[in-house]
There are 2 protein chains.
Amino acid sequence: MPKRVDHAERRTEIAQALVRAAGRLGLHAVGMRDVAAEAGVSLRLVQYYFESKEKLLLFGLRQLAAQFGARVAARVRAAGEDPGPRAVIEAVLTAALPVDDESRLFHHLYTSYAVLSVTDEALAAQPFIKDPDAAEATLSGLLRQAADAGLLRPGVDARAEAVGLLAMSAGLGTSVLVGQRDADSATAVLGYHLDRIFRDRPTGP
Amino acid sequence: MPKRVDHAERRTEIAQALVRAAGRLGLHAVGMRDVAAEAGVSLRLVQYYFESKEKLLLFGLRQLAAQFGARVAARVRAAGEDPGPRAVIEAVLTAALPVDDESRLFHHLYTSYAVLSVTDEALAAQPFIKDPDAAEATLSGLLRQAADAGLLRPGVDARAEAVGLLAMSAGLGTSVLVGQRDADSATAVLGYHLDRIFRDRPTGP
DNA sequence: GTCTTTGTGATACGAACGTACCACGTTGGT
DNA sequence: ACCAACGTGGTACGTTCGTATCACAAAGAC
């Protein structure tokens, strides 16, 4: 039965199984056997495509980050063609909020990985510094654009707002995740803070 | 050698050992034997004072939350007697930032517990809903006081600001924890956002 | 002065974990 | 047609985990 197989695709499938299993059991509790069962393959195969658990976890993290990037891009695209700066910014910020199963799963696991990276340096490097830095630069650029277009209230510091808003979005996401707040309320808080940055929108004629 | 012993005190000591060990190894990786070694007692004793690991973890979480509450209170007291509302608010918000070993440890473990509580419902109930709700109410009240005293810029919504600032503080704390940002920068961002809420402080005569 | 409770040590047990090993069918190269 | 590499299954190994068991010394109760 062993036809030649696409390794990259197989690894992706197994990593997706890891993500699903981790969402159910918690990242700390998921084992190689759980991943194998979730993917519908034998334990041996998980070992075959990832030599060790650590490699599997690392690959899972990278895939998670990539998926999230794609999700943000999709959200921005869904904001319509040539949307206003505020729409784009709102799309970026709300993409991280756990409003549905997919984003909830993402937030849960990404936070799990972040906690792991504090004590396990193998996980630390890339996704927790480079990716947020990039997000910060992007958002900061968007705000500066908006400022140049005269859309912002006076005295707004693009960089400080970008950093603060991203942190707020992450923090709100966590509070939604643990059940302290519901998603609508978190969205409303973000909207309020954007209103404090942007000038009042022109009311209809 | 078995003199009569204060159970509560013993449990506290062991729970502190749990916290230290978890800070070193990660909460997911700490076992009963690690706690015993860290506390300098036998495995049996840990079992004796906490019947199961789950009970130990729960007690550790509650103790952590209590310690944090005390820390915030101390910070507020350290702001001087009869400090301005802004000083109190800044003390509350910066108390959660990982600026030293103690606060770093706290933020690390509290986030670990939060992640655990997503899949392990035994941990979920109290500290992740009640405590943040209380913090929110407190901060909201402080802001309302400041507004009544005419210290805030017009149009500020105390509740939305309280929720947003707490979320921002938590998010900034996490970014410091994973090494994306240093503590000073996080403090500066919080300061900037408070400046956007409070009126300009009167410049000296 | 016995006797029950309390605190403590050492150790054993069954399960689960990550990993390693062995065997075998299939495929593509030549 | 043969042979080396690939893909896969089954299973065993050593470790570690949380928990349970057995034994026993000290301290209060009466």
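All chains are named by letter (A, B, ...) in the order of the sequence lines, taking the proteins before the strands, and each is independently numbered beginning at 1. All values below come from the heavy atoms of this structure, side chains included, with hydrogens, waters and symmetry mates left out.
- In the set C:dA12, C:dG7, D:dC6, the nucleotide with an atom closest to the side chain of B:Arg33 is C:dA12.
- Out of C:dG18, D:dT19, C:dC17, the shortest distance to the side chain of A:Asp34 is found at C:dC17.
- Residue B:His28 contributes atom NE2, which lies 13 Å from atom P of D:dG18 at whole-angstrom precision.
- Atom CD of B:Glu51 and atom C1' of C:dT6 are 15 Å apart (whole Å).
- B:Leu43 places its CG atom 10 Å from the P atom of D:dC17, with the value rounded to the nearest Å.
- Residue B:Phe50 holds its CZ atom at 11.5 Å from CG of B:Leu45, rounded to the nearest 0.5 Å.
- Checking the phosphate oxygens (OP1, OP2) of D:dT8, no side-chain nitrogen or oxygen of A:Ser42 falls inside 4.0 Å.
- For B:Lys53, taking side-chain heavy atoms from C-beta onward, the closest of the listed nucleotides D:dG18, C:dG9, C:dG18 is D:dG18.
- For B:His7, no side-chain nitrogen or oxygen approaches OP1 or OP2 of C:dT6 to under 4.0 Å.
- A close approach under 4.0 Å does occur between a side-chain nitrogen or oxygen of A:Tyr49 and OP1 or OP2 of D:dT8.
- If you measure from atom CZ of A:Arg10 to atom P of D:dC6, you get 16 Å, rounded to the nearest angstrom.
- Minimum atom distance to the side chain of B:Leu45 is reached by C:dT8, of the listed D:dG7, D:dT19, C:dT8.
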- Query: Do B:Phe128 and B:Tyr113 pass the ring pair (Phe, Tyr, Trp, His ring centres under 6.0 Å) test, and can you show the C-alpha distance, the side-chain angles, and the key distance before you say yes or no?
  - Reply: CA-CA 9 Å; B:Phe128 296 111; B:Tyr113 272 113; 7.2 Å; no
* To do: Please report the C-alpha distance between A:Thr187 and A:Asp184 in whole Å, then the side-chain angles of each, then the deciding distance to 0.1 Å, and finally whether the side chain to side chain donor-acceptor pair (under 3.5 Å) criterion is met.
  => CA-CA 5 Å; A:Thr187 307; A:Asp184 287 344; 5.1 Å; no
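- Going from atom CE of B:Met32 over to atom P of C:dA15 covers 19 Å, rounded to whole Å.
- Side chain of B:Tyr48, nearest nucleotide from D:dG7, C:dT19, C:dT6: C:dT6.
- Using a 4.0 Å heavy-atom distance criterion, A:Gln47 is classed as a base contact.
- Inter-residue side-chain proximity for B:Arg181 and B:Ser185 is flagged as met; some heavy-atom pair is nearer than 4.5 Å.
- For A:Arg44, counting side-chain heavy atoms from C-beta on, the closest listed nucleotide (C:dT11, D:dT8, D:dC17) is D:dT8.
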TODO: Starting from the C-alpha separation in whole Å, work towards a yes-or-no answer on side-chain contact (heavy atoms from CB on, under 4.5 Å) for B:Thr174 and A:Val115.
DONE: CA-CA 9 Å; B:Thr174 301; A:Val115 165; over 6 Å; no
